[in-house]
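Take this structure, written in structure tokens, and hold onto it; I'll ask about it next.
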Amino acid sequence: MPRASGATPLFQRLCLIGAGLIGSSIARVAQERGDIARTVVAQTRRPETLQRVRELGFADVVEADAARAVQGADCVVLCVPVGAYAGVMRQIAPHLAPGCILTDVGSTKGSVLRDLAPLLPEGVHLVPAHPMAGTEHSGPDAGFATLFQGRYVILTPPEGSDPAAVEKIAELWRRCGSMVERMDAATHDKVVAIVSHLPHLIAFTICGTADDLAEETREAVLKFAASGFRDFTRIAASDIDMWRDIFLNNREALLEMLARFTEDAHALGRAVRYGQAEFIEDRIKRGRKIRRGLIERHQA
Ligand code: NAP
């Protein structure tokens with residue numbers, strides 16, 4: 001049912017390709033506010049997800065077919081794992097309406113330009129975006145309307161983008177409660193490699209290392225997990241498809257950060273071996289300083 005809000009909606013027909021954690025959260029904000037879109041279309045492919053999206057009722061129209069879903073939309077948001085973009089784009093490109101804004105929420109941005117730009121029809125505007133908000137949960141049940149509040153959203157419009165289209169996507173995110181920043185795709189990919197992708201790589205690895213331990217030791221790890229290990233397990237519980245795709249689609253930046261991290265970790269290990277207390281203290285102090293900085297910026 002189209003929304004009944006007094007405010008002028010930003011879009012007439014907003015189409016979300018993918019209705020998991022992020023897509024369903026956008027739909028929920030749109031449903032709550034009423035000034036984001038007159039009609040919200042949610043597309044998802046698997047019958048069980050489709051059924052659940054219908055039951056949850058956060059979209060006006062629910063579609064299984066991506067090509068049909070985008071028809072007549074003035075804004076299309078890709079909310080699927082980044083590895084699925086090229087395939088989805090092949091399906092939807094011929095059906096995107098002239099003047100439509102194509103945006104996304106993907107966690108890697110160089111790959112988005114690589115996969116979407118070559119198939120972009122004339123007259124369709126591409127404005128990639130990445131909300132720096134999420135949880136370790138996935139699927140349509142995991143979404144909630146306050147997910148983006150007080151969080152940053154990074155826009156990476158390619159050079160020569162239509163300023164009006166960029167402004168509309170910025171406004172979409174402001175209406176979701178986010179702070180909007182703009183940077184180029186390569187800078188974005190480096191930043192997220194260190195703040196998000198490397199921490200996930202470390203979390204997956206440390207859980208694997210713990211799992212490889214002898215039975216007796218592994219039991220003790222689980223029993224006494226509150227000492228720090230537990231925080232890694234929360235990150236390591238993330239979605240398989242999404243993280244496989246992120247690692248494969250931000251390869252260069254992630255490997256660069258991993259190499260730097262490995263050097264630094266070895267340096268700290270060396271300080272431990274040779275009893276260099278000052279070096280160790282210095283590393284701990286830097287960690288504490290970064291934590292304080294996050295708290296001051298309300299990002300903790
Ligand atoms: P999600 O909860 O797992 O939902 C994924 C959605 O994409 C579902 O509707 C799923 O549909 C569909 N999908 C999965 N694989 C597909 C494929 N190969 N082809 C077409 N559709 C497919 O994922 P999410 O957490 O919302 O993540 C979506 C995007 O947001 C990703 O690009 C991710 O990088 C980005 N992101 C995530 C977070 C986070 O913390 N989760 C934060 C910021 C950005 P079916 O169930 O029908 O298969």
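Reckoned from all heavy atoms, side chains included, excluding hydrogens, waters and symmetry mates. The structure presented is a predicted model; accordingly, all values stated were derived computationally and were not measured. Each ligand, and each atom within it, is numbered from 1 in the order the structure gives.
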Would you mind listing which atoms of ligand 1 come within a distance below 4.0 Å of any non-hydrogen atom of G106?
->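 Per the distance check, 32 (O).
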Would Q43 count as being in polar contact with ligand 1, using the rule that some N or O on each side must be under 3.5 angstrom apart?
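No, no N or O pair falls under 3.5 Å.
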Pairs in or reaching into residues 144-172: which pass ring-ring contact (aromatic ring centres under 6.0 Å, His included), with residues at least two apart or in two chains?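 Every ring-ring contact (aromatic ring centres under 6.0 Å, His included) pair that includes a residue of residues 144-172, provided the two are not neighbours, is F148-W173.
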query = Which is closest to atom 47 (O) of ligand 1 in terms of heavy atoms, L21, T44, V80?
reply =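 Shortest heavy-atom distance from atom 47 (O) of ligand 1: T44.
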In ligand 1, which numbered atoms sit nearer than 4.0 Å to a non-hydrogen atom of V105?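 Per the distance check, 29 (C), 30 (O), 35 (C), 36 (N), 44 (C).
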_Nearest non-hydrogen contact with atom 9 (O) of ligand 1 belongs to which option: S196, S25, A19?_
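The nearest heavy atom belongs to A19.
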Discussion item. Please list the nearest protein heavy atom to atom 14 (C) of ligand 1 with its residue and the distance rounded to 0.1 Å.
Written reply: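 I find the closest protein heavy atom is P81 CD, 3.4 Å.
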query = Backbone N or O of Q12 within a donor-acceptor pair of the D74 side chain at under 3.5 Å?
reply =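 Yes; judged by distance alone, with no hydrogens or angles, the pair exists.
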For atom 39 (C) of ligand 1, closest protein heavy-atom neighbour:
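Scanning the protein heavy atoms, the shortest distance from atom 39 (C) of ligand 1 goes to M242 CE, 3.4 Å.
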Closest approach of any protein heavy atom to atom 3 (O) of ligand 1, naming residue and atom:
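For this ligand atom, the closest protein heavy atom is S138 CB, 3.5 Å.
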* Asked: Closest non-hydrogen protein atom to atom 4 (O) of ligand 1, residue and atom name please, with distance?
  ->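 Protein heavy atom at minimum distance: G20 CA, 3.2 Å.
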- Query: Does R45, backbone or side chain, put an N or O under 3.5 Å from an N or O of ligand 1?
  - Reply: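 Yes, at least one N or O pair falls under 3.5 Å.
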* Hey, are R260 and E263 close enough for a salt bridge, meaning a charged N less than 4.0 Å from a carboxylate O? ->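 Between E263 and R260 there is no salt bridge, as every charged N stays at least 4.0 Å from the carboxylate O atoms.
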For atom 28 (C) of ligand 1, what's the nearest protein heavy atom and its distance?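 Of every protein heavy atom, C79 O, 3.4 Å lies nearest to atom 28 (C) of ligand 1.
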| message | Under 4.0 Å from a heavy atom of T135: which atoms of ligand 1 are those, numbered in the order shown and with their elements? | response |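 Every atom of ligand 1 under 4.0 Å from some heavy atom of T135: 40 (O), 41 (N).
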**OP:** Taking all heavy atoms of T135 and all of L21, pick out the closest pair and write down the distance.
**Re:**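 T135 and L21 have their closest heavy atoms at N-CD2, 3.6 Å.
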### Message
Tell me the closest heavy-atom pair linking A73 and C15, and the distance in Å.
### Response
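Closest approach of A73 to C15, heavy atoms only: CB-CB, 3.8 Å.
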Over all atoms of both residues, closest heavy-atom pair of L16 and G23
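Closest approach of L16 to G23, heavy atoms only: CD1-O, 3.4 Å.
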For this session: Write out the residue and atom name of the closest protein heavy atom to atom 26 (O) of ligand 1, then the distance separating them to 0.1 Å.
Result: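 For this ligand atom, the closest protein heavy atom is I22 N, 2.9 Å.
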Exercise for review: May I ask you to identify the nearest protein heavy atom to atom 43 (C) of ligand 1, giving residue, atom name and distance to one decimal place in Å?
Suggested key: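 Looking only at protein heavy atoms, the one closest to atom 43 (C) of ligand 1 is P131 O, 3.2 Å.
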(message) When you measure from the heavy atoms of A133 to every atom of ligand 1, does any distance fall below 4.0 Å?
(response)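 It does, in that a heavy atom of A133 comes within the 4.0 Å cut-off of ligand 1.
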- Query: Taking a hydrophobic cluster as the set of Ile, Leu, Val, Met, Phe, Trp and Tyr residues connected by side-chain heavy atoms closer than 4.5 Å, whether directly or through intermediates, do I17 and M242 fall within one such cluster?
  - Reply: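 Different clusters.
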Subject >> Aromatic plane relationship, F204 with H200 - under 30° parallel, 30 to 60° tilted, over 60° perpendicular >> reply: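 Plane angle between 30° and 60°, so tilted.
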D282 and K285 ion-paired at < 4.0 Å: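 The answer is no: the pair does not qualify as a salt bridge.
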- Task: Find all atoms of ligand 1 within a distance of less than 4.0 Å from any non-hydrogen atom belonging to T49, and give their numbers and elements.
- Result: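 Answer for ligand 1: 45 (P), 46 (O), 47 (O).
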- Item | V82: numbered ligand 1 atoms lying under 4.0 Å from its heavy atoms |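 Once the distances to V82 are compared, the set is 32 (O).
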* **Those atoms of ligand 1 less than 4.0 Å from some heavy atom in G139** =>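 Under 4.0 Å from G139, ligand 1 has these atoms: 1 (P), 2 (O).
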Starting from atom 33 (C) of ligand 1, which protein heavy atom do you reach first, and at what distance in Å?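 Answer, as residue, atom name and distance: S107 OG, 3.5 Å.
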Checking C207 against T233 for the side chain to side chain contact (heavy atoms under 4.5 Å, CB included) test, could you report, in this order, the C-alpha distance in whole Å, the side-chain angles of both residues, the deciding distance, and whether it holds?
CA-CA 7 Å; C207 286; T233 63; 4.0 Å; yes
Keeping to residues at least two apart or across chains, list the salt bridge (Lys or Arg N to Asp or Glu O under 4.0 Å) pairs with something in residues 250-259.
->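 Qualifying pairs, neighbours excluded: K190-E256.
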Which of the atoms in ligand 1, numbered in the order shown and given with their element, are less than 4.0 Å from a heavy-atom of G134?
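Every atom of ligand 1 under 4.0 Å from some heavy atom of G134: 39 (C), 40 (O).
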_With respect to D241, determine whether any N or O atom, backbone or side chain, lies less than 3.5 Å from an N or O atom of ligand 1._
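Looking only at distances, the answer is no, because the N/O contact criterion of under 3.5 Å is not met.
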Residue pair L120, M89: steps toward the side chain to side chain contact (heavy atoms under 4.5 Å, CB included) verdict | CA-CA 8 Å; L120 197 71; M89 188 61 178; 4.0 Å; yes
Practice item. Could you tell me whether E32 and R175 make a salt bridge, using a distance below 4.0 angstrom between a side-chain N and a carboxylate O? Key: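 No, this pair does not count.
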Numbering as shown, the atoms of ligand 1 that approach A84 to under 4.0 Å (heavy-atom distance):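 Within the 4.0 Å cut-off of A84, ligand 1 contributes 17 (C), 18 (N), 19 (N).
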Determine, step by step, whether S107 and H130 satisfy the side chain to side chain contact (heavy atoms under 4.5 Å, CB included) criterion, reporting the C-alpha distance in whole Å, the side-chain angles of both residues, the deciding distance to 0.1 Å, and the verdict. CA-CA 6 Å; S107 308; H130 177 201; 3.8 Å; yes
Does ligand 1 have an atom under 4.0 Å from some heavy atom of H130?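 A heavy atom of H130 does come that close to ligand 1.
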